[in-house]
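Written out below as structure tokens is the structure these notes cover.
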Amino acid sequence: MKNHKLQAFCLLVNFKKLAPVAKELGITAPTVSFHIRSIEEEYGVRLFRTNAGGYRLTEAGEGLYHYARQILQLQKDMNRFFENQIAGNNGSIRLGASGLPAQIFMPDIINQVSTAYPDILISLEVKTAPEIERKLALQELDFGLIMETKQEDPLLLYETIGEDSLVLALSPNHELASNKDISKSDVHKNKILLHTSSSSTNHFIEKWMGPFLPSFYTIELDSVSTIKKMLTYGKTLAFLSVFFIEEELKSGILVKKHLNDATLTRKIQLVYPKSRLDNKVDQFVKNAIYNLAGEIKAIK
């Protein structure tokens, strides 16, 4: 199957109408329709249902879309590989990271790469760990640094570069602040601040607290800064990495409680596609990440 057919198919999934696909590709709407029929005839399936809202995928179409995106991305990746080879050190590196690794690793890593390869184009996306994994699997990113999630994607390689433990963060004015030991029942009696429902952190919190975490005992917020501010009022608790609250701990605005439970220890992982072919820039990035992880571990 020619890639231009797959490109027309994927664009039709996104646009849901023939005209914008034709405009995007610089061809006619009947040609787009011909490409779709050609794929359907090749596999003997229907890819779309049509209605007032435009083209909608069938079950077979969903399957093709899953693989077509990967095929097209691999083509782009191969083209980019040879462009980088021809350009020498003038290439690009696409990085992704979830919240904590983005904060503690990425500024230093980007600085090292840009210093060693000043002409390289570097980009960074900061999203939740599952989103970074999805983009890596589609090869829309080259490397990711994430906190471990519930399961690993079979298309990706995962290398553990360190660990981080969640602590219970609270105001020194909170009623539990003076307690030497804090039990799960103590925590259950309080409002818990969570950092977005899709965050890998919440998986560990729910695992520690048990499978039943009533929604009325939680408040979901999409900002660590907001969580830290809410904690200062002395009425809520939050499970956070020490890295996120170092300044607040030094100033005495917040205090921490170590719960000494392995359930709250998470892996920090370097993740990249299994199909990726390393070049010298890739090796530099990996080495820089491992070296920095060693320095952080030594400091910690």
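- Shown here for Arg49 and Thr58, the closest heavy-atom pair between the two residues is NH1-CA, 3.6 Å.
- Remark: the backbone N or O of Ile104 is not paired with any side-chain donor or acceptor of Asp108 at under 3.5 angstrom.
- For the atom pair CG of Leu138 and CG of Leu155, the computed distance is 8.5 Å after rounding to the nearest 0.5 Å.
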Exercise. Checking side-chain contact (heavy atoms from CB on, under 4.5 Å) for the pair Ile268/Phe105: CA distance, chi angles, key distance, verdict?
Worked result: CA-CA 11 Å; Ile268 303 175; Phe105 283 94; 4.1 Å; yes

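- Side-chain contact between Leu141 and Tyr272 is absent, with no heavy atoms from C-beta onward closer than 4.5 Å.
- A distance of 14.5 Å separates NE2 of His195 from CD1 of Ile219, quoted to the nearest 0.5 Å.
- Looking only at atom types and distance, the side chain of Tyr158 has no donor-acceptor partner in the side chain of Lys267 under 3.5 Å away.
- Atom-to-atom distance recorded for Leu11:CG and Glu24:CD is 5.5 Å, nearest 0.5 angstrom.
- The same ILVMFWY cluster, assembled from side-chain heavy atoms under 4.5 Å apart, contains both Leu124 and Met147.
- Other residues, nucleotides and ligands place no more than 12 heavy atoms under 6.0 Å from the CZ atom of Phe34.
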For this session: Report the C-alpha distance between Asp142 and Leu95 in whole Å, list the side-chain angles of each, state the deciding distance to 0.1 Å, and finish with yes or no for side-chain contact (heavy atoms from CB on, under 4.5 Å).
Result: CA-CA 6 Å; Asp142 299 317; Leu95 304 172; 5.7 Å; no

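- At least one side-chain heavy atom of Glu295 sits under 4.5 Å from a side-chain heavy atom of Leu292.
- Side-chain atoms of Ser114 come within 3.5 Å of backbone N or O of Ile110 as a donor-acceptor pair.
- With Lys257 contributing its side chain and Asp181 its backbone, the two residues share no donor-acceptor pair below 3.5 Å.
- A 6.0 Å sphere centred on NZ of Lys23 holds no more than 12 heavy atoms belonging to other residues, nucleotides or ligands.
- Under 3.5 Å, the side chains of Lys127 and Ser98 contain no donor-acceptor pair of N or O atoms.
- For Glu131 (side chain) and Thr128 (main-chain N/O), a donor-acceptor pair under 3.5 Å exists by modelled atom type.
- The two residues Pro172 and Gly252 come nearest to each other via the heavy atoms CG-O, 3.5 Å.
- A continuous path of ILVMFWY side-chain contacts below 4.5 Å connects Leu47 to Ile71, so both sit in one hydrophobic cluster.
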For this session: Show your working on side-chain contact (heavy atoms from CB on, under 4.5 Å) between Glu133 and Leu156 and close with a plain yes or no.
Result: CA-CA 8 Å; Glu133 288 175 296; Leu156 304 176; 4.1 Å; yes

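- With contacts defined as side-chain heavy-atom distances shorter than 4.5 Å, the pair Ile161/Gln269 does not qualify.
- The number of heavy atoms from other shown groups lying within 6.0 Å of CD (Gln151) does not exceed 12.
- When all heavy atoms of Pro20 and Phe15 are compared, the pair lying nearest together is CG-CB, 3.7 Å.
- Of the N and O atoms on the side chains of Asn287 and Gln283, not one donor lies less than 3.5 Å from an acceptor on the other residue.
- Among all heavy-atom pairs drawn from Asp153 and Ala137, the shortest one is OD2-CB, 3.7 Å.
- Not one N or O on the side chain of Thr160 forms a donor-acceptor pair closer than 3.5 Å with the backbone of Gly162.
- Glu248 and Lys228 are joined by a salt bridge, as a carboxylate oxygen and a charged side-chain nitrogen come within less than 4.0 angstrom of each other.
- Hydrophobic clustering of Ile, Leu, Val, Met, Phe, Trp and Tyr side chains at less than 4.5 Å, counting indirect connections, keeps Ile146 apart from Leu166.
- To the nearest 0.5 Å, the span separating OG on Ser92 from CG on Asp119 amounts to 13.0 Å.
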Exercise. Given Phe239 and Val187, is the side-chain contact (heavy atoms from CB on, under 4.5 Å) satisfied, shown in steps?
Worked result: CA-CA 10 Å; Phe239 290 87; Val187 175; 4.2 Å; yes

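- Side-chain N or O atoms of Asn190 include none that pairs as donor or acceptor with a backbone N or O of Leu237 at under 3.5 Å.
- With hydrophobic clusters built from ILVMFWY side chains whose heavy atoms lie under 4.5 angstrom apart, Met78 does not share a cluster with Tyr67.
- Contact check for Arg56 versus Thr50: no side-chain heavy atoms found under the 4.5 Å cut-off.
- Ring geometry, Tyr65 versus Phe9: the interplanar angle exceeds 60°, so the pair is classed perpendicular (tilted spans 30 to 60°).
- A distance of 8.5 Å separates CZ in Phe284 from CD1 in Ile109, rounded to the nearest 0.5 Å.
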For this session: In sequence, state the C-alpha distance, the side-chain angles, and the governing distance for Lys191 and Thr218, and then conclude on side-chain hydrogen bond (donor to acceptor under 3.5 Å, both in side chains).
Result: CA-CA 5 Å; Lys191 284 276 188 182; Thr218 63; over 6 Å; no

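- Both Val281 and Met106 are part of a single hydrophobic cluster, where members link through side-chain heavy atoms under 4.5 Å apart.
- Leu72 and Asn3 get closest at one heavy-atom pair: CD2-O, 3.8 Å.
- Scanning all heavy atoms of the two residues, the minimum distance from Leu231 to Thr236 falls at CD2-O, 3.5 Å.
- A 4.5 Å side-chain heavy-atom check between Arg266 and Ser165 finds every atom pair outside the cut-off.
- A side-chain donor-acceptor contact under 3.5 Å links Gln70 and His66.
- No donor-acceptor contact under 3.5 angstrom links the side chains of Gln112 and Thr115, judged on distance only.
- Under the 4.0 Å criterion applied to side-chain N and carboxylate O atoms, Glu40 and Arg46 are not assigned as salt-bridge partners.
- Residues Leu145 and Leu270 meet the side-chain proximity criterion, which asks for heavy atoms closer than 4.5 Å.
- Using a 4.5 Å heavy-atom cutoff, the side chains of Leu194 and Ile227 are not in contact.
- A 4.5 Å side-chain heavy-atom check between Leu157 and Val271 finds every atom pair outside the cut-off.
- Put simply, CD on Glu140 and CD1 on Ile132 are 10.5 Å apart, with the number rounded to the nearest 0.5 Å.
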